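Reviewing the structure listed below.
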Amino acid sequence: MEAESPRTLRSGFLHSCEHHGDRIALEVAGETLTYLELRERAAGLAATLIAHDPREPGSAAPALTAVLGQRSSATFAGILAALFRGDGYVPLNPTFPPERTRSMLERSGCRALIVDAGAESQLDRVLAGLETSLLLILPESRDVTDVARAHPRHRVLGRDDLEAASAWSPRPVDPEAIAYLLFTSGSTGRPKGVMVRHRNVQAFLDVMAERYGITPDDRFSQTFELTFDLSVFDLFLAWKSGARVCVPSQAQKMLPAKYIQESKLTVWFSVPSTGVLMSRLRMLKPDAYPSLRWSLFCGEALPVEIVEAWVDAAPNSTVENLYGPTELTIACTLYRWDPARSREDCELGLVPIGEPYPGMEVLVVDEELREVAPGETGELLMSGPQLTPGYWNDPERTAAAYQRPPGRDRVFYRTGDRVRRSNGRRPMVYLGRMDNQIKIQGYRVELGEIEAMIRREAGVEVAIAVGWPITSAGADSVVVFISDPGVDCAELLTRAKSSLPAYMAPREIRQIPDFPLNANGKVDRKALLSLLEAD
Ligand code: AMP
């Protein structure tokens with residue numbers, strides 16, 4: 001085994017294999033895997049990728065491998081296998097509509113796909129009409145003859161076809177290469193692929209490891225889908241330090257209280273919506289979670305009441321609010337909750353987003369991207385080691401979001417978030433979005449993407465989506481308005497539900513005679529919300 005230099009996303013895991021090989025790396029679906037056992041599985045898959053998907057020497061194309069699966073041991077091993085091979089990984093989610101997954105697969109240009117047992121039944125629809133030939137690895141299936149027969153264009157390998165783990169030996173990986181490619185909702189109707197380099201994610205993990213002093217005795221929650229970048233924290237921060245990643249099943253995720261207690265978690269990381277759910281279900285009772293050392297929230301606005309209840313429920317833990325878009329690598333500002341004085345730092349009932357990570361630079365700007373005076377509201381722009389290089393094969397949308405403000409010599413990412421930063425000792429506060437992006441139960445959703453889909457499907461010119469019902473952190477779901485009388489809304493709703501991931505699918509499509517307009521002649525979204533409120 002090797003100590004890696006330069007370090008990339010897999011390095012922490014490999015280091016822990018050397019120093020904590022017999023400790024548990026992963027606890028999932030009643031199965032526990034030590035570091036060495038997980039390494040063995042990943043190495044076998046990596047050797048198989050190398051043996052069956054040779055790369056042209058000197059090829060300039062970035063190398064990526066896709067993994068289709070839920071949070072199963074095969075999926076985790078698949079992600080590591082992609083990294084062991086020297087590729088970036090592209091997580092694909094079997095709960096998404098297959099057409100969406102196919103489009104991500106196609107656009108990423110992956111030539112190899114690792115599929116867990118739970119996702120195999122989706123393969124027919126994911127692969128339908130795919131132009132390229134893939135190497136398909138089904139590491140949990142012994143007999144793959146049926147799959148191979150159904151997909152003659154692709155090379156299909158099952159468990160018995162895997163190479164021995166010993167056939168894999170690490171080759172150096174460029175820290176500038178892509179560690180993972182994540183697709184996020186795109187306002188024009190096409191998801192954007194955010195490219196994250198090893199160097200970006202290493203910078204993030206280094207800050208986190210130092211701040212939280214993680215040890216091999218820690219046990220991390222793993223509540224996020226792998227298509228959500230917050231999952232990278234759970235996996236790779238734990239694995240960097242020889243700690244254990246505890247993955248609740250879908251059913252256990254519904255009852256997080258029991259899971260935290262039984263798994264003796266020490267590090268909790270979730271979207272605030274999970275805290276809201278736990279509060280509603282009366283799971284935030286005083287001293288309910290004494291094992292927790294750290295309670296971390298990220299992904300959407302964090303309501304004060306949730307933190308206050310959480311502090312009582314997990315009295316031995318420190319609560320932090322992490323903020324960040326995928327484009328700035330997981331999280332890039334944070335705020336530590338101090339029960340004695342933090343309430344007065346809050347605005348709009350939300351916990352501040354605090355200070356930038358070391359090395360990250362903050363600019364709060366007006367519409368011309370000129371810095372506003374301290375204490376004034378503006379759009380948050382950030383730059384630094386966690387700034388990702390842009391969107392996959394999409395120079396136009398990259399240029400729109402990654403910009404060089406006047407008088408600056410470096411590129412900043414435009415977050416689209418409205419914030420205020422004073423020059424006193426008060427932390428930066430989050431005040432909302434500049435655009436039509438919302439968070440639904442923590443998932444990032446461009447309302448424009450839903451609108452584009454409805455316009456296309458219904459052949460109408462205008463469709464307006466609003467988040468509804470509104471919650472303190474975002475919205476629970478979406479309602480779409482259209483004004484064309486001839487549309488069958490019930491049928492359109494069924495089509496929308498089958499082509500969008502569940503969290504993006506509208507709960508209702510409503511016909512109204514005319515759209516209300518605001519003073520600028522634009523559709524007045526607030527008036528649409530009032531219609532819903534009046535119901
Ligand atoms: P994503 O790329 O899915 O992580 O979504 C990024 C967006 O989520 C940010 O631009 C914010 O709008 C929102 N967000 C993330 N963390 C926070 C937070 N702690 N407070 C408020 N909004 C947040």
Side-chain angles (χ1 to χ4, degrees), residues 91 93 180-187 191-196 200-201 204 223-234 269-276 295-304 306-307 310 319-337 342 345-357 362 364 379-382 386-388 390-391 397 401-402 412-421 427-447 449 467 471-475 501 503-504:
N93 190 334
Y180 56 90
L181 177 74
L182 284 192
F183 285 91
T184 70
S185 181
S187 56
K192 300 182 279 201
V194 182
M195 301 184 278
V196 181
N200 300 137
V201 67
F204 167 82
T223 65
F224 303 106
E225 299 290 327
L226 299 165
T227 32
F228 195 175
D229 67 339
L230 302 183
S231 61
V232 173
F233 172 103
D234 306 331
F269 192 31
S270 77
V271 288
S273 286
T274 307
V276 172
S295 299
L296 310 172
F297 296 94
C298 188
E300 59 188 341
L302 178 59
V304 179
I306 297 305
V307 176
W310 194 281
V319 177
E320 293 204 329
N321 181 25
L322 276 54
Y323 157 91
T326 309
E327 290 85 341
L328 290 165
T329 316
I330 306 161
C332 50
T333 78
L334 51 71
Y335 177 82
R336 180 166 299 184
W337 181 260
S342 283
D345 282 342
C346 297
E347 213 164 310
L348 306 174
L350 301 174
V351 178
I353 56 172
E355 305 308 322
Y357 280 30
V362 162
V364 181
E379 181 182 355
L380 173 63
L381 270 55
M382 287 186 73
Q386 292 177 220
L387 176 76
T388 56
Y391 303 116
R397 288 197 285 186
Y402 295 73
F412 284 69
Y413 174 68
R414 297 186 66 170
T415 65
D417 290 316
R418 254 172 3 97
V419 300
R420 180 173 335 103
R421 194 150 89 129
M428 182 156 65
V429 289
Y430 169 83
L431 301 168
R433 292 284 307 169
M434 321 279 297
D435 56 16
N436 288 326
Q437 180 183 299
I438 59 166
K439 283 283 177 152
I440 297 182
Q441 295 148 29
Y443 293 102
R444 168 168 158 180
V445 172
E446 290 284 357
L447 290 171
E449 181 174 357
T471 63
S472 45
Y503 62 88
M504 288 178 83

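Small disclaimer: the values here were computed from a predicted structure and weren't measured. First listed ligand is number 1; within each ligand, the first listed atom is number 1.
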Which residue holds the protein heavy atom closest to [atom], what is that atom called, and what is the gap in Å?
| atom | value |
| --- | --- |
| atom 3 (O) of ligand 1 | K439 NZ, 3.0 Å |
| atom 12 (O) of ligand 1 | D417 OD1, 2.6 Å |
| atom 6 (C) of ligand 1 | P325 CA, 3.5 Å |
| atom 4 (O) of ligand 1 | G324 O, 3.3 Å |
| atom 18 (C) of ligand 1 | E300 O, 3.3 Å |
| atom 16 (N) of ligand 1 | G299 N, 3.2 Å |

Distance filter under 4.0 Å to [X] heavy atoms, resulting ligand 1 atoms:
| X | value |
| --- | --- |
| R433 | 10 (O), 12 (O) |
| Y430 | 12 (O), 21 (C), 22 (N) |
| I353 | 20 (N) |

Between [X] and ligand 1, which residue portion shows a heavy-atom distance shorter than 4.0 Å: side chain, backbone, both, or neither?
| X | value |
| --- | --- |
| L350 | neither |
| N321 | side chain |
| Y323 | both |
| F228 | side chain |

(message) If we count only N and O atoms by modelled type, under 3.5 Å, do the side chains of S185 and Y443 hold a donor and an acceptor together?
(response)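 There is no such pair between these side chains.
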(request) Mind running side-chain contact (heavy atoms from CB on, under 4.5 Å) on D229 and V196 for me, showing each step along the way? (result) CA-CA 10 Å; D229 67 339; V196 181; over 6 Å; no
(request) Identify the residue among T329, L328, L322 that makes a side-chain contact (heavy atoms from CB on, under 4.5 Å) with Y357. (result)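 The side-chain contact (heavy atoms from CB on, under 4.5 Å) with Y357 is passed solely by L322 among T329, L328, L322.
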Test your reading of the model: is there a side-chain donor-acceptor pair from [X] to the backbone of [Y], 3.5 Å cut-off?
| X | Y | result |
| --- | --- | --- |
| N321 | P352 | yes |
| E320 | L296 | no |
| E347 | V429 | no |

(message) Closer than 4.0 angstrom, basic N to acidic O: yes or no for E327 and R444?
(response)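 Counted as a salt bridge, because a side-chain N and a carboxylate O are separated by less than 4.0 Å.
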(message) Are F224 and F269, when compared by the centres of their aromatic rings, separated by less than 6.0 Å?
(response)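 Centroid distance F224-F269: below 6.0 Å, so yes.
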(message) Pairs of nitrogen or oxygen atoms closer than 3.5 Å, one from L322 and one from ligand 1: do any exist?
(response)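 Yes, at least one N or O pair falls under 3.5 Å.
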(request) Quick one: closest heavy-atom pair of S295 and W310, and the distance? (result)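 Looking at all heavy atoms of both residues, the closest pair is OG-NE1, 2.7 Å.
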